[in-house]
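Letters A, B, ... are given to chains in the order of the sequence lines, protein chains preceding strands, and every chain is numbered from 1. Keep in mind that the numbers below use all heavy atoms, side chains included, and drop hydrogens, waters and symmetry copies.
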Amino acid sequence: MASESDELARFIDKVRREGERLYRDLPWRRTRDPYAVWVSEAMLQQTQVSRVDGRWQRWLARFPSVEALAAADQADVLAEWQGLGYNRRALALKRAAEAVADQGGEVPSSVDALVKLPGIGPATAAGIRAFAFDLPAVYLETNVRTVFLHELFPEAEDVPDSAVRPLVEACVPDRDVRGWYYALLDYGAWLKRTVPNPSRRSRTHARQSRFEGSRRQKRAALVRLLLEAREAGLPGLSLDDAVAALGAQETGAGRPEPAPADVEGLLDELAAEGFCQRTGLFWAC
DNA sequence: TTCCGGCAAT
DNA sequence: ATTGCAGGAA
């Protein structure tokens, strides 16, 4: 009689086989340097492998260690991040590096210590544990979720992570945690190109609001303007220049130009988040 | 729950 | 024009 553990054992065998068949020799799999692995995890949050490849190498060449990143100018860090998206991740990574450097420079390996660092949540903490330290971890992210839903919840809809997580936990191997999760990631990534995205049946799955014309797009444009002003040797970005640039962007796209007060509000929010500092009618990073 | 970037594939 | 991405924080 087929027990639940038999089903799980067959599942594990299949994932191992598929993982071997579909193995991706990604650059960040060729290092065990915790900092380098951490940077890869941070970059890969909501960002495709194809875009991180190249940028990860360039980042490590420029900021080769926790100490180097901690000592770097934040604006340089932000500039190096451009194109990866979600600028907050760069700020969090920089701040976390400063915290780790203050604590002696060793990247922690416990989930508790990792999650205390800005920008590191349960998934990233588990990724660092598994890939850098080869330690047991419950790594539940989109590719892993895809595999479990496809294999173990083939018909279910609106599946909560609370139903998936115990299974992920039950599958954590005694040895080669790293290889197990590589297999899950590679099989999951392949599944999404092969069958209708199983992750869509997760309760976690959410559609994102439209980017074009969004507030998000304006924020990103302002960050670029701040970096350009700095690059040009200016004391900062003036409200007038920001209003003009954003106005041109919006008008060119057939949208109404934002009011100066709105642009000022966006800049002040960026300042409050630590992207820049305000002095009078100038914002500098 | 909502917000946060940017891009390639479709 | 839509989709989804090795998620985290407020």
Tell me whether the OP1 or OP2 atom of C/dT2 has a side-chain N or O from A/Arg210 closer than 4.0 Å. yes
P-based separation of C/dG8 from B/dC7 [nearest Å]: 23 Å
Could you state the atom-to-atom distance from CZ of A/Arg207 to P of B/dG5 in whole Å? 20 Å
To the nearest angstrom, how far is A/Arg193 atom CZ from B/dA9 atom P? 12 Å
From the options C/dC5, C/dT2, B/dG5, select the nucleotide whose nearest atom is closest to the side chain of A/Lys192. C/dC5
Could you state the atom-to-atom distance from CD of A/Gln46 to P of B/dT2 in whole Å? 16 Å
Does A/Arg215 have a side-chain nitrogen or oxygen under 4.0 Å from the phosphate oxygens OP1 or OP2 of B/dC4? yes
Taking any heavy-atom pair under 4.0 Å as a contact, classify A/Trp28: base, sugar-phosphate, or nothing. base
Determine the contact category for A/Tyr139: base if any of its heavy atoms lies under 4.0 Å from a base atom, sugar-phosphate if only primed atoms, P, OP1 or OP2 are that close, otherwise nothing. base
Between A/Arg30 and A/Asp25, is the closest basic N to carboxylate O distance under 4.0 Å? yes
Distance to the ring centre below 6.0 angstrom and angle to the axis at most 45 degrees; does that hold for A/Arg29 and A/Tyr182? yes
Rounded distance (Å) that lies between atom P of C/dG4 and atom OH of A/Tyr86: 14 Å
Would you indicate what A/Gly121 reaches in the nucleic acid, counting non-hydrogen atoms under 4.0 angstrom: base, sugar-phosphate, or nothing? sugar-phosphate
Of A/Leu26 and A/Gly119, the one whose nearest nucleotide on DNA chain C sits closer to the 5' end is A/Leu26
Can any side-chain N or O of A/Arg129 pair as donor or acceptor with the backbone N or O of A/Ser109 at less than 3.5 Å? yes
Return the value, rounded to whole Å, for the distance between atom CZ of A/Arg219 and atom P of B/dC4. 6 Å
Taking C/dG8, C/dA6, B/dG6 as options, the one with an atom nearest any side-chain atom of A/Pro122 is C/dG8
For A/Gln48, answer base if it contacts any base atom (sugar-phosphate contacts may also be present), sugar-phosphate if it contacts only those atoms, and nothing otherwise; contact means non-hydrogen atoms under 4.0 Å. base
With the side chain of A/Arg29 defined as its heavy atoms from C-beta on, choose the nearest nucleotide among C/dA6, C/dG8, B/dG5. C/dA6
Donor-acceptor pair present, A/Ser199 side chain and C/dG4 base, under 3.5 Å: no
Whole-Å P distance, C/dA6 and B/dT10: 15 Å
Counting only side-chain nitrogens and oxygens, does A/Thr124 get under 4.0 Å of the OP1 or OP2 atom of C/dG8? yes
Can you tell me if the side-chain N/O atoms of A/Asn143 get under 4.0 Å from OP1 or OP2 in C/dC5? no
Between A/Arg55 and A/Arg51 (side chain of the first, backbone of the second, donor and acceptor by atom type, cut-off under 3.5 Å), is there such a pair? no
Just N and O in the side chain of A/Thr142: are any of them under 4.0 Å from OP1 or OP2 of C/dA6? no
Quick one: A/Gln45 CD to B/dC4 P, roughly how many Å, whole number? 17 Å
For a quick test of reading the model: is some side-chain N or O of A/Arg200 closer than 4.0 Å to OP1 or OP2 of C/dG4? yes
Rounded to whole Å, how long is the line connecting atom CG of A/Leu84 with atom C1' of C/dC5? 12 Å
Classify the nucleic acid contact of A/Arg145 as base, sugar-phosphate or nothing, counting any heavy atom under 4.0 Å across all strands shown. nothing
Considering the options A/Arg230, A/Arg62, A/Lys94, which one meets the salt bridge (charged side-chain N to carboxylate O under 4.0 Å, His left out) requirement together with A/Asp73? A/Arg230
Rounded distance (Å) that lies between atom P of C/dA9 and atom CZ of A/Arg216: 18 Å
Looking at A/Glu20 and A/Arg17, is there a salt bridge between them, counting it only when a charged N and a carboxylate O are closer than 4.0 Å? no
